[in-house]
Every structure is written in structure tokens, then in C-alpha cells.
Number of protein chains: 4
Amino acid sequence: MASGTLNKVMLIGHTGDEVKMHYFEGGGCIGRFPLATNEEYVNRTTGERVSNTEWHNIVVRNKAAEVCEKYLNKGDKVYIEGRIKTRKWTDDKGMDRYSTEIQCLDFTFLTPKEQSQGGGAQPQGQMSGVSTPAQQQPAVAKPSQAPDDNDDDLPF
Amino acid sequence: MASGTLNKVMLIGHTGDEVKMHYFEGGGCIGRFPLATNEEYVNRTTGERVSNTEWHNIVVRNKAAEVCEKYLNKGDKVYIEGRIKTRKWTDDKGMDRYSTEIQCLDFTFLTPKEQSQGGGAQPQGQMSGVSTPAQQQPAVAKPSQAPDDNDDDLPF
Amino acid sequence: MASGTLNKVMLIGHTGDEVKMHYFEGGGCIGRFPLATNEEYVNRTTGERVSNTEWHNIVVRNKAAEVCEKYLNKGDKVYIEGRIKTRKWTDDKGMDRYSTEIQCLDFTFLTPKEQSQGGGAQPQGQMSGVSTPAQQQPAVAKPSQAPDDNDDDLPF
Amino acid sequence: MASGTLNKVMLIGHTGDEVKMHYFEGGGCIGRFPLATNEEYVNRTTGERVSNTEWHNIVVRNKAAEVCEKYLNKGDKVYIEGRIKTRKWTDDKGMDRYSTEIQCLDFTFLTPKEQSQGGGAQPQGQMSGVSTPAQQQPAVAKPSQAPDDNDDDLPF
DNA sequence: TTTT
DNA sequence: TTTT
């Protein structure tokens with residue numbers, strides 16, 4: 001009866017602000033930031049060029065949130081994969097209100113770090129060495145999904 | 001400067017109601033219907049099974065809307081591809097309100113038509129023949145994206 | 001320098017055979033099965049209906065492989081998410097050969113279990129109870145990605 | 001009976017060569033180019049960093065092919081959406097051979113044009129004006145899917 | 001090789 | 001064959 005469903009979002013856009021962190025008592029945390037996607041098209045009747053910006057509320061958790069806070073700067077281009085979640089809340093008049101956000105489950109930075117307009121948080125001009133932040137910058141999140149060793153030498 | 005962005009949603013879920021149509025003066029139309037996706041997981045601390053339903057507002061246009069209205073029945077499983085769009089409106093108190101919907105650009109019916117719980121609109125037990133609705137049921141929308149003839153015999 | 005890339009495949013199709021398992025000495029395993037996707041279109045010049053089947057070689061690992069072997073039957077419809085991998089091998093004439101497969105990282109069964117044409121492996125008519133295989137049948141793989149408890153009550 | 005299937009590929013990678021065009025007698029054309037995606041992970045047993053490159057054969061048609069040829073330069077980053085197609089051919093020994101390619105149905109350039117290492121074909125330092133190639137550079141292909149006018153003012 |  |  002309850003065979004599967006899918007709730008997947010894939011975005012490429014530019015961040016509109018820094019990642020805002022919230023820390024929980026239990027040790028967890030979430031980060032939030034806005035992401036802009038753009039569409040451009042020509043109005044068929046008037047012939048004029050129209051440009052639309054869509055803003056998405058991105059929510060990312062725990063370790064991934066910390067990576068985003070550390071390396072994502074305002075204006076950076078990023079690929080976000082996640083799911084849609086609409087949360088219901090009550091405003092100060094007691095009215096039901098809804099807010100839709102994208103729960104980020106995977107991401108990839110698309111702005112080369114030397115171009116990222118990082119402030120203090122951004123690693124820039126750091127010393128060399130295996131473990132410098134520059135080399136630690138994750139191109140792809142969710143490393144736990146990385147293949148294991150016997151990836152390439154399967155005899156089948 | 002304005003290199004590309006992406007705004008893509010892919011859903012597999014069950015429709016929660018019939019498709020509601022709206023017709024415009026110019027000849028266009030849109031259809032709307034709710035789509036449910038489910039997630040189930042075990043709460044790590046309490047160990048209890050949690051089941052969550054997410055409702056998505058699907059909007060589909062013109063020809064595709066008419067196909068959905070004709071063949072999609074309440075409860076059917078369907079694959080929806082589209083983009084996220086949040087529309088702003090003003091409520092009767094003059095407050096800004098936001099409503100997020102999925103603009104459907106492609107879809108695929110996943111419920112075999114003999115299982116679809118169609119009412120009058122659903123083709124069921126109809127006579128045979130090349131052009132019966134049952135055989136017309138489109139498995140995939142957006143036929144304009146179908147490959148053209150020289151698809152398979154490329155000498156390269 | 002090494003900013004991110006993406007290699008993602010999403011398929012909905014029917015399995016063409018049972019899952020074939022291979023077990024490794026270290027305790028790991030992989031399962032393999034063919035998956036068919038279809039496209040239909042009308043040849044614009046001749047007007048005839050063309051139907052094409054594409055076969056994909058699905059490879060799934062470890063725990064997920066065992067779940068597929070247990071619950072996926074020939075002919076079942078399934079959603080597969082993964083990445084493309086082309087493996088190079090040498091045939092008995094010493095020629096380089098290439099074989100492309102889909103490494104499955106997530107999946108969702110789309111055939112309701114009561115319709116699955118399972119043989120001995122398929123749970124059918126089993127006794128009731130919280131832990132019967134029927135209820136254990138996973139609608140969605142990769143449970144580790146499930147949200148944790150504080151999912152819905154974020155005060156932000 | 002023939003309810004739907006899905007065959008979708010989404011890639012972000014770097015082009016490994018220029019777009020090679022082939023023109024047909026009927027007026028159509030296709031372009032081909034290799035696209036590299038990378039995965040990096042740490043081998044759990046040895047602890048060493050492993051870097052893998054996957055090469056994809058991209059095939060794009062007609063108008064979209066011409067746009068790619070004109071604006072895509074070797075090394076550019078691009079988002080590609082399409083479907084998997086494995087073509088069968090016979091080698092000079094009469095053996096069956098298979099070649100898998102990605103039929104591109106949509107794309108988005110991710111390298112800002114001022115950074116693209118274009119040769120003669122790349123518009124660089126051109127004069128201003130509404131119709132200069134720089135402004136014509138399409139960030140997103142498949143403009144036919146663009147929304148029409150009554151996109152934002154739906155009274156529903 | 002094969003699914004619907 | 002090749003990209004970063």
C-alpha cells in the first residue's frame with residue numbers, strides 16, 4: 001500500500017546572505033541561508049525580456065551546516081539537493097501560516113574558492129600543507145556516500 | 001555574469017484530489033491538484049516509527065493540464081517534474097502572505113489505468129480500437145521533447 | 001580549483017530479471033539487475049508510432065543489495081537513483097572494451113507488494129505483526145538519511 | 001499497461017574538448033563533446049585520498065548543438081540534463097559493441113563568459129549593444145519551456 | 001539476454 | 001584521447 005514516494009529538489013543558485021547558525025542544547029545545529037535562482041524569458045506578446053528571481057530558504061544540518069558556514073560566502077554559486085518541507089506556524093493574530101523551506105541533504109560548491117568573496121570566515125592565502133582549509137574545502141558534501149575500496153576492481 | 005541557475009523539483013506521490021481547472025479568456029488554462037509525498041523513519045531516541053506527509057500544490061498548464069484532468073484520478077501515483085515558485089499575495093488584513101507551488105513541466109503516470117479509481121472522466125472498460133482513451137493515455141508528457149527520426153542510425 | 005561536479009542518474013523502469021548477487025570475502029556484496037525504460041514517440045515524417053526500450057545495468061551494494069534481492073521481483077517497477085560509471089576491461093582478443101553501469105545509491109519500490117510477482121523470496125500472505133516482512137518492505141532506501149527527531153519543532 | 005518510465009541524467013562537469021559538429025543533409029546537426037565529472041573520497045582501509053574521473057559522451061542536437069559549439073570552450077563547467085542511450089554497433093571483427101552516450105536535452109553554462117578560455121568562437125571584448133553575443137549567451141537552454149506571460153498574476 |  |  002505505502003510503496004514509495006519521492007520528494008527531491010535540485011537547485012543551482014547564488015546565496016543571498018551568509019549562513020545563519022543556530023545551535024541546540026543536545027549538540028546539533030542548523031544553518032539557514034537564502035538562495036536565488038533566476039529565469040529569463042521573452043514575453044511572447046510584448047516581446048520584452050523578463051527576468052525573474054526566485055528565493056529559496058535553505059536549511060542545512062549539523063556537520064554540513066558547519067561546512068557551509070565556514071566556506072560559503074554571500075554571492076557564491078552552489079548546487080543544493082534536498083527536499084521540500086512546508087512548516088505550519090501560528091502568527092501573533094492566531095492565524096495559520098505556512099513557510100516552505102528546502103532541507104538540504106547534499107551540496108556542491110560551484111564558485112572556485114579563489115573567487116569567493118569571503119570575509120573572515122573564508123580561507124584565503126593560508127599556508128601550504130595537507131590540512132590547510134583550502135585543500136579541505138569540500139567540493140561535494142555527504143562523504144559517507146563515497147564508494148568504498150573495492151569500487152573499481154570488481155570481477156563481475 | 002548571469003551564468004546559469006537551476007530550479008528543479010522531482011516528485012513521486014499520490015494525488016489528494018481531482019484536478020481543478022481554470023480557463024482563461026485567451027484560451028489558456030491551468031489545472032491544480034495536491035500531491036502527497038511520504039517519509040517514514042524511526043526516531044532514534046524514542047525508537048518509535050514516525051510517518052510524515054508532505055503536501056505539494058501542483059500547477060500545470062494548457063494542454064498538459066487537460067491531459068491531467070482527463071486521466072489523473074484522486075489517489076493516483078504520478079511522477080511530477082517542475083520548478084518551485086513562491087507567489088506573494090495580500091490577505092484581507094493587508095498582510096503579505098506567501099504561497100509555494102510546483103509549476104509542473106513534465107509528468108508521468110505511475111498508476112496503471114486499470115487500477116486508477118476513476119469516476120466519469122476515467123476511461124474504463126471502453127471498447128477496443130486504436131483510438132480508445134485507454135490507449136491514448138499518455139505515459140509521459142511533453143511529447144515535443146521526443147527524439148526525431150534520425151535518432152538511432154547516426155553514423156558517428 | 002577542484003570545485004564541485006555532479007554525476008546523477010534517476011530512472012523509473014521495470015526490472016528485466018531477478019537480482020543476481022555476488023558475495024565478497026570481506027563480507028560485502030553487490031547485486032546486479034537490468035532495468036528497462038521506454039520511450040514512445042511518433043515519427044514526424046512517417047507518422048508511425050515508435051517504441052524504444054533502453055536497458056540499464058544496475059549495480060547495488062551491501063545492505064541495499066540484500067534488500068533488492070529480497071523484495072524486487074522480475075517485472076517490478078522501481079525508482080533508481082545513482083551515478084553513471086563506465087568500466088574498462090580487456091576482452092579475450094586483448095581489445096579495450098567499455099561497459100557502462102548505474103551504481104545505485106538510492107531506490108524506491110513502485111510496485112505495490114501485493115502485485116509483485118514474487119516467487120519464494122517475496123513476502124506474501126505472511127502472518128500479521130509489527131515485524132513481518134510485508135511491513136518491513138522498505139518504500140525508500142538509505143534510511144540513514146532520514147531526518148532526526150527535532151525535525152518539526154524548530155523555533156526558527 | 002504502458003504506464004510511465006523515466007530516464008534522466010543530470011551532470012555538472014568540465015568539457016574535455018571542443019564541440020565536434022556533424023551536419024546532416026536534411027539540415028539537422030549534432031554536436032559531441034566529452035564531459036568529465038570527478039569524485040574524491042578517502043579509502044577507508046588505506047586512508048589514502050582517491051580521485052576518480054568519469055568521462056561522459058555528450059550528444060546535443062540542432063539549435064542547441066550550435067549554441068554549444070559557439071559558446072562552450074574546452075574546460076568550461078556546464079550543467080547537462082538528458083537521458084542515457086546505449087547504442088549497439090558492430091566492430092570490424094563483426095563483434096557486437098556498445099557505446100553509451102548522454103543525449104542532452106537541456107543545459108546551463110556555469111563558467112562565467114569572461115573566464116571561459118575561448119578561442120575565436122568565444123565572444124570576448126565585444127562592443128556593447130542589445131544584441132551582442134555576450135548578452136545573447138544563453139544561461140539556460142530550451143527556451144521553449146519558458147513560462148508565458150500570465151505567469152505571475154494568477155488570481156487563484 | 002530481459003520489463004511494461 | 002581529454003576537464004578541474
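Convention: sequence-line order gives letters A, B, ...; per-chain numbering from 1.
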Worksheet item: Between F/dT3 atom P and D/Leu35 atom CG, what is the distance in whole Å?
Response: 13 Å

Discussion item. If we count only N and O atoms by modelled type, under 3.5 Å, do the side chains of C/Ser116 and C/Thr111 hold a donor and an acceptor together?
Written reply: no

Item to complete: Please state whether the base of E/dT3 and the side chain of C/Thr53 form at least one donor-acceptor pair under 3.5 Å?
Response: yes

Discussion item. Nearest whole Å is fine: how far is E/dT3 P from C/Asn38 CG?
Written reply: 11 Å

Item to complete: Calculate the interatomic distance between D/Ile12 atom CD1 and F/dT3 atom C1'; express it in whole Å.
Response: 14 Å

Worksheet item: Nearest-Å distance, CD (D/Glu18) to C1' (F/dT1)?
Response: 14 Å

Practice prompt. Could you verify whether a donor N or O on one side chain and an acceptor N or O on the other, from C/His14 and D/Thr5, lie under 3.5 Å apart?
Written response: no

Discussion item. Heavy atoms only, 4.0 Å cut-off, all strands: where does C/Gly13 land among base, sugar-phosphate and nothing?
Written reply: nothing

Worksheet entry | Test salt bridge (charged side-chain N to carboxylate O under 4.0 Å, His left out) applied to D/Lys20 - qualifying residues, sequence neighbours left out | D/Asp17

Worksheet item: Nearest to the side chain of C/Pro34 - E/dT2, E/dT3, F/dT3?
Response: E/dT2

Worksheet item: Of the nucleotides F/dT4, E/dT2, E/dT4, which has the atom closest to the D/His14 side chain?
Response: F/dT4

Worksheet entry | Euclidean distance, atom NE2 of residue C/His56 to atom C1' of E/dT4 [Å, nearest integer] | 13 Å

Discussion item. Assess whether a salt bridge exists between C/Glu54 and D/Arg83, defined as any Lys/Arg side-chain N lying under 4.0 Å from an Asp/Glu carboxylate O.
Written reply: no

Fill in: Candidate nucleotides F/dT3, E/dT3, E/dT1, ranked by approach to the side chain of D/Trp55 - the nearest
F/dT3

Fill in: Spacing between C/Arg32 atom CZ and E/dT1 atom C1', to the nearest angstrom
15 Å

Worksheet item: Taking the side chain of D/Tyr98 as heavy atoms from C-beta outward, which of F/dT4, E/dT3, E/dT1 is closest to it?
Response: E/dT1

